[in-house]
Amino acid sequence: EYEAAGAKVVPAEEIWKSSDIVMKLRPPTTEQVAALEDRTIVSFLYPAQKKELVKQLQDQKATAFAMDCIPRTLSRGQTYDALSSQANISGYRAVIEASNEFGRFFAGQMTAAGKVPPAKVLVLGTGVAGLAAIQTAKNMGAIVRAFDVRPVTKEQVEAMGGQFLEVDFQEDGSGAGGYAKEMSKEWHAAAAAMLAKQCEDVDVIITTALIPGRPAPKMITKEMVAKMKSGSVTVDLAAEAGGNIETTVMDEKFITDNGVTCLGYTDLPSRLPTTSSSLYSNNISKFLLSIGPQTTREKGYYHIDHEDEAVRGMLVLEKGKMMWPAPLPPPPPAPTQAELDAKAAAEKPEVINYRAPYVQGAKTASYGAATILGMGMVAPDPAFSSLLTTFALSNIIGVQVVLGVSHALHSPLMAVTNAISGTTALGGMHLLAHSTSPAVTVLGAAATTLSTVNIVGGFIVTTKMLDMFKRPDDPPEYYHLYGVPAAGALTMYGIGAASGKFPEIDAAAGTLAGLLCIGGIGGLASQKTA
């Protein structure tokens with residue numbers, strides 16, 4: 001497959017002697033560096049920890065790029081971020097390894113043979129590896145808790161269905177470049193008390209906490225492990241840097257006296273070889289192809305451009321010259337006096353004119369009074385004045401009722417008003433009652449039918465929308481009991497209208513209908529009454 005893709009397969013020794021650029025995963029050995037001579041290598045180097053290796057490369061006048069030094073806050077650099085791609089695999093594989101050692105289901109089960117409670121998983125460190133572990137454990141049905149010194153990761157944990165644990169001590173652990181920083185002694189004491197309590201309850205602990213250039217912080221002590229239940233499992237992803245758990249043995253499986261299995265494997269990405277190789281090859285090949293002049297963007301031209309933030313950040317040595325760490329970006333220019341003046345002016349407290357709203361209110365009242373009295377002066381008859389009064393009051397009531405509806409219930413409000421607007425069915429029934437031709441009858445029947453559909457459909461949609469807001473623990477509802485007064489009112493109205501003895505019953509029925517419409521909209525003011 002390699003030859004079919006255009007590669008030439010040669011012995012490993014020849015690679016180091018005949019290649020201008022060597023791309024590798026793990027840091028090279030002393031013998032490999034010697035064979036490289038003054039050429040270029042791209043691999044994980046860890047320059048802060050492996051100073052002797054960097055010194056050997058420097059003495060040979062070699063050029064070296066460290067895949068672990070990618071500026072992680074650079075958006076374009078995420079394509080080359082091998083730390084994240086491999087950490088994602090490590091987090092996933094850590095859960096798989098833990099489930100293999102754990103003697104129970106991760107997901108709870110209720111069977112005829114008995115009840116199996118779900119496993120409780122605690123993830124320490126919610127970076128890329130931690131989040132991958134949370135997602136995997138949650139997908140397997142476990143109860144997942146997570147803890148990180150950076151409070152900003154709380155939303156990410158909760159978005160994946162995990163519970164974020166917090167220390168009863170206020171201190172932000174967010175550091176530069178998206179990493180965590182070293183915390184104070186007081187914070188560590190509060191965190192230790194919280195973690196000790198969690199160790200007594202959880203079944204699996206997965207730790208991922210790392211600080212660049214420093215040994216991994218010890219978060220779980222031997223005493224905490226001793227409190228864990230027999231059969232529990234710990235997986236330490238920071239084992240290569242000293243480990244977050246005191247019982248961790250690098251690259252080994254260790255079982256404590258109380259029956260806790262402690263895994264310190266450092267080759268977790270290699271346990272998913274196809275995925276890890278595919279992702280890392282994509283990271284390193286795209287980084288190599290990006291090493292070129294940033295101004296011309298000429299493809300296929302290899303050139304180390306110090307203006308490229310990704311390349312400069314990962315450049316450790318250039319022809320033997322120490323280039324690591326990359327210089328910090330220059331501070332922003334000092335603001336000019338004009339900018340300072342503008343900022344000061346913007347920060348001045350706003351002068352509130354308390355008189356203005358009263359003036360506006362007085363104007364509005366004056367305009368309204370003048371308009372209504374003017375219409376009264378030109379009213380042709382008492383009927384006009386009566387209709388004007390009804391129109392004005394109905395508008396005021398309608399506006400106030402609609403404004404009182406909760407914002408979350410605006411969609412049901414539209415459905416209710418749509419149903420109320422369907423009272424055009426009354427016009428259709430009026431046409432049917434006084435029809436003088438087939439055409440009028442057809443139009444009346446169509447208007448009545450369509451309006452009825454509008455009314456029924458509006459209330460059905462309203463009911464379905466309101467059901468979306470219901471919770472399982474809501475009390476039962478007995479709205480069907482309102483059918484009793486509805487049937488009684490309709491019966492009373494039908495008998496009264498048919499008898500002909502009560503000429504004003506139609507007006508009373510109209511008033512009742514209007515009050516019910518206003519009450520229906522007003523009920524949407526809160527979910528409780530909706």
Side-chain angles (χ1 to χ4, degrees), residues 381-402 404-405 409-467 470 475-530:
D381 51 51
F384 178 86
S385 299
S386 177
L387 290 174
L388 176 62
T389 301
T390 303
F391 176 77
L393 293 178
S394 61
N395 275 275
I396 293 295
I397 295 171
V399 168
Q400 293 301 318
V401 170
V402 170
V405 174
L409 299 175
H410 275 190
S411 293
L413 168 65
M414 296 300 294
V416 169
T417 53
N418 186 51
I420 292 174
S421 67
T423 52
T424 50
L426 296 174
M429 288 188 287
H430 182 77
L431 286 176
L432 288 173
H434 301 85
S435 175
T436 57
S437 68
V440 174
T441 302
V442 171
L443 288 174
T448 304
T449 303
L450 295 176
S451 297
T452 303
V453 171
N454 198 38
I455 295 170
V456 176
F459 283 114
I460 290 176
V461 171
T462 303
T463 302
K464 289 186 176 181
M465 287 182 176
L466 292 176
D467 287 342
K470 288 184 179 179
E477 298 173 344
Y478 302 96
Y479 289 120
H480 61 277
L481 296 179
Y482 287 105
V484 176
L490 288 173
T491 302
M492 184 177 178
Y493 169 68
I495 295 173
S499 68
K501 298 179 180 179
F502 310 101
E504 297 300 320
I505 197 171
D506 291 334
T511 302
L512 176 61
L515 291 174
L516 291 175
C517 289
I518 294 298
I521 296 175
L524 295 173
S526 70
Q527 175 63 28
K528 183 178 180 181
T529 56

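Note that the CZ atom of F502 and the OH atom of Y493 stand 13.0 Å from one another [nearest 0.5 Å]. Rounded to the nearest 0.5 Å, atoms CD1 (I495) and CD1 (I505) are 9.5 Å apart. For the atom pair CG (L388) and CG (L393), the distance works out to 9.0 Å, reported to the nearest 0.5 Å. Note that CG of L443 and OG of S435 are 9.0 Å apart. Values are rounded to the nearest 0.5 Å. Of the inter-residue distances, the one linking L431 atom CG with T436 atom OG1 reads 9.5 Å to the nearest 0.5 angstrom. Annotation: the span from L432 atom CG to T448 atom OG1 amounts to 4.5 Å, rounded to 0.5 Å.
For the pair G522 and V401, the tightest heavy-atom approach, listed with the atom from each and the gap, is N-CG1, 3.3 Å. In terms of heavy-atom proximity, G428 sits nearest to A447 at CA-CB, 4.0 Å.
T449 contributes no side-chain N or O that, together with a main-chain N or O of A446, makes up a donor-acceptor pair within less than 3.5 Å. Here the side chain of N454 pairs no donor or acceptor atom with the backbone of L450 at under 3.5 angstrom. Between the S386 side chain and the P382 main chain, no donor and acceptor come within less than 3.5 Å of each other.
Ring orientation note: the planes of Y478 and H480 are nearly perpendicular, at an angle over 60° on the 30°/60° scale.
Residue-environment remark: CD1 (I396) stays at or below the threshold of 12 foreign heavy atoms within 6.0 Å.
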